[in-house]
Q: 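One structure follows; several queries about it will come next.
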Protein chains: 2
Amino acid sequence: MTETDSPLPSPPDVTSADAAATSIREMILEGHFMPGDRLHQDHLAETLGVSRTPLRTALARLAQDGLIDYEPNRGYRIRRFLVSDIREAFTVRANLEGLACRLAAEAGMSTGDLDRLQALVAEGDAILFKGALPIDQLPAYRRMNVEFHETIIAAAGNRWIGRFVHQSHNVPLVSDRVILWDDFGVIHRSHDDHRRIAGALADRDGVRAQNLMNEHVTYAGQLLADRLEADPSATLRHAFHDKKADDRTRPSTGDPR
Amino acid sequence: MTETDSPLPSPPDVTSADAAATSIREMILEGHFMPGDRLHQDHLAETLGVSRTPLRTALARLAQDGLIDYEPNRGYRIRRFLVSDIREAFTVRANLEGLACRLAAEAGMSTGDLDRLQALVAEGDAILFKGALPIDQLPAYRRMNVEFHETIIAAAGNRWIGRFVHQSHNVPLVSDRVILWDDFGVIHRSHDDHRRIAGALADRDGVRAQNLMNEHVTYAGQLLADRLEADPSATLRHAFHDKKADDRTRPSTGDPR
DNA sequence: ACCCCTAATAATGTATCCAATCATGTGAAT
DNA sequence: ATTCACATGATTGGATACATTATTAGGGGT
């Protein structure tokens, strides 16, 4: 079986349209725009220092990603996300990642991948050892979390799952890079899910791994959505969200993985 | 609850880039290109009667859809689909459509939608009444099938499911418009699935509807993939696939080039 | 004969220009 | 006063021209 060296690779921005796309994407996730805002092509092109042609392809890509809306002859607008969008995205993500677990378990993961999962669990253990998640350890924890999920998805051997999960990440806050860090109980339980999932995968117990992952993602989504509805600003304060990971490049659009 | 008048609407080709995209998409699904073929921009633009600018946006869209591959400075190529791609797409489709059933059942479908499903089942009954699927009834049967699935997906109230299922349809032959019509036993059973699914949805039995739909789609995919592996040409002959209307002539096996 | 380097060629990426469409604002008629 | 019509300005869509990158053909050297 083939080893998954880098779970979800993303190519560098070789063309200027790519660069524009990533720039705009980061701008949006950074909250630089308000929902409903129009994206002036002339203005944006001048800001990014490119012509309108590559800009337009970049906008088209973002629209396909679902990050912005497009209407012919009316241009592009920042999409307005509702809490229901977040719930729905998490529902699908939970199902797909659960499916990934079952497929990976049934296929039998390589010892390399299994070791990797165990190492990631150990990483989490080390971080959470003191019964808390120190704020300065958040990046490390987040990276561990991302890699855990991506490893399983890659091991599932079904390109569509990775593709769709990736797309669902384009909804703000719906990402395994987002971590609500103010409730240690939740985090501890979440990490325990990881441990059990890794164990189920090692045992090739597909159904158990699937159920665990489904609940794992579903609960995270429910928690986030409930909090958003209760108090959006407080939730955003406690959600650790970096638009540009320290080491990881941003998954670009249009790449066959 | 709101009525779903047109389950999954697809906007008309208002811009010429849209027209180019649909044209090329149909060309590809029609088998007009061979896997790995390069898509010359100048040539295609002239063929379609448009400039390279809208053509390029169309190609970018198709690449995002996964129908063609793209490499910077090297252009677009027809993607090479393997039987495994078809299997994988069906796996995900089965899971997502099963999820759609569960969600629709739990939310409770409107009486309008339920009536519609019943009407569609009755349509199928009428077509299959004589214990066979007459070749001239294929278009009607196919339309019924498409509408059945789309109605449920729309009723699930989760835009991501529809979106992803739609994308998975971009794999050649992975579409509810494709029907293997030479085995009446399979068709009869498939239609019986529809009946039971409609019943489960009416009973708000989410799990049952989910399981039925999952198996319904999974089996279709397995049958198709197994046949393709056994004898591709024979399978294609028995797979009824129309890209748009019922006015197709022949998909010219010996394509010009 | 083979390989590598170089130059010509072709195809893609980008910029600019023109056309078509939509939004806005003014004015007259009811 | 309100509404409809029309004209004007702004913005997007499409076509063309230019720049840059890959591919390929050819020649010289080993």
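The figures here come from the full heavy-atom set of this structure, side chains too, leaving out hydrogens, waters and symmetry mates. Order of the sequence lines sets the chain letters (A, B, ...), proteins ahead of strands, with each chain counted from 1.
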Q: Reckon A/Y76 touches a base, only the sugar-phosphate, or nothing at all at heavy-atom distances under 4.0 Å?
A: nothing
Q: Is the phosphate of C/dT21, meaning OP1 or OP2, less than 4.0 Å from a side-chain N or O of A/R74?
A: no
Q: Using 4.0 Å as the upper bound for N to carboxylate O, is an ion pair formed by A/R38 and A/D69?
A: no
Q: Base, sugar-phosphate, or nothing for A/S16, non-hydrogen atoms under 4.0 angstrom?
A: sugar-phosphate
Q: Checking all strands, does B/R52 fall into the base, sugar-phosphate, or nothing category for heavy-atom contacts under 4.0 angstrom?
A: base
Q: Strictly below 4.0 Å, N to O, side chains only: are A/R80 and A/D85 in salt-bridge contact?
A: no
Q: Confirm from the modelled atom types if A/R56 and D/dG14 form a donor-acceptor pair under 3.5 Å, side chain to base only.
A: yes
Q: Rounded to whole Å, please give me the gap between CG in B/D18 and P in D/dT12.
A: 17 Å
Q: Is the shortest distance from a Lys or Arg side-chain nitrogen in A/R25 or A/D65 to a carboxylate oxygen in the other one below 4.0 Å?
A: yes
Q: Of A/S51 and A/N73, whose closest DNA chain C nucleotide lies nearer the 5' terminus?
A: A/S51
Q: Rounded to whole angstrom units, what separation is found between the CZ atom of B/R38 and the P atom of D/dT24?
A: 8 Å
Q: Whole Å only: how far is the CD atom of A/E71 from the P atom of C/dA20?
A: 22 Å
Q: Please give, in whole Å, the distance from D/dT12 C1' to A/L59 CG?
A: 11 Å
Q: Roughly how many Å is it from CD in A/E46 to P in C/dA15, rounded to a whole number?
A: 13 Å
Q: Does the side chain of B/Q41 get closer than 4.0 angstrom to OP1 or OP2 of C/dA10 through an N or O atom?
A: no
Q: For the pair made of NE2 in B/H40 and P in D/dA22, what is the distance, rounded to whole Å?
A: 16 Å
Q: Does B/T15 make a side-chain N or O approach to OP1 or OP2 of D/dG14 shorter than 4.0 Å?
A: yes
Q: With a 4.0 Å cut-off, would you call B/E147 and B/R116 a salt bridge?
A: yes
Q: If you look at every strand shown and take non-hydrogen atoms under 4.0 Å, does B/L55 touch a base, only sugar-phosphate, or nothing?
A: nothing
Q: If I take atom CG in residue B/D42 and atom P in nucleotide D/dT16, what distance separates them, rounded to the nearest angstrom?
A: 11 Å
Q: If you find the nucleotide of DNA chain D closest to A/G75 and the one closest to B/V50, which residue's nucleotide is nearer the 5' end?
A: A/G75
Q: Between the side chains of A/E229 and A/R87, is the shortest nitrogen-to-carboxylate-oxygen separation below 4.0 Å, so that they form an ion pair?
A: yes
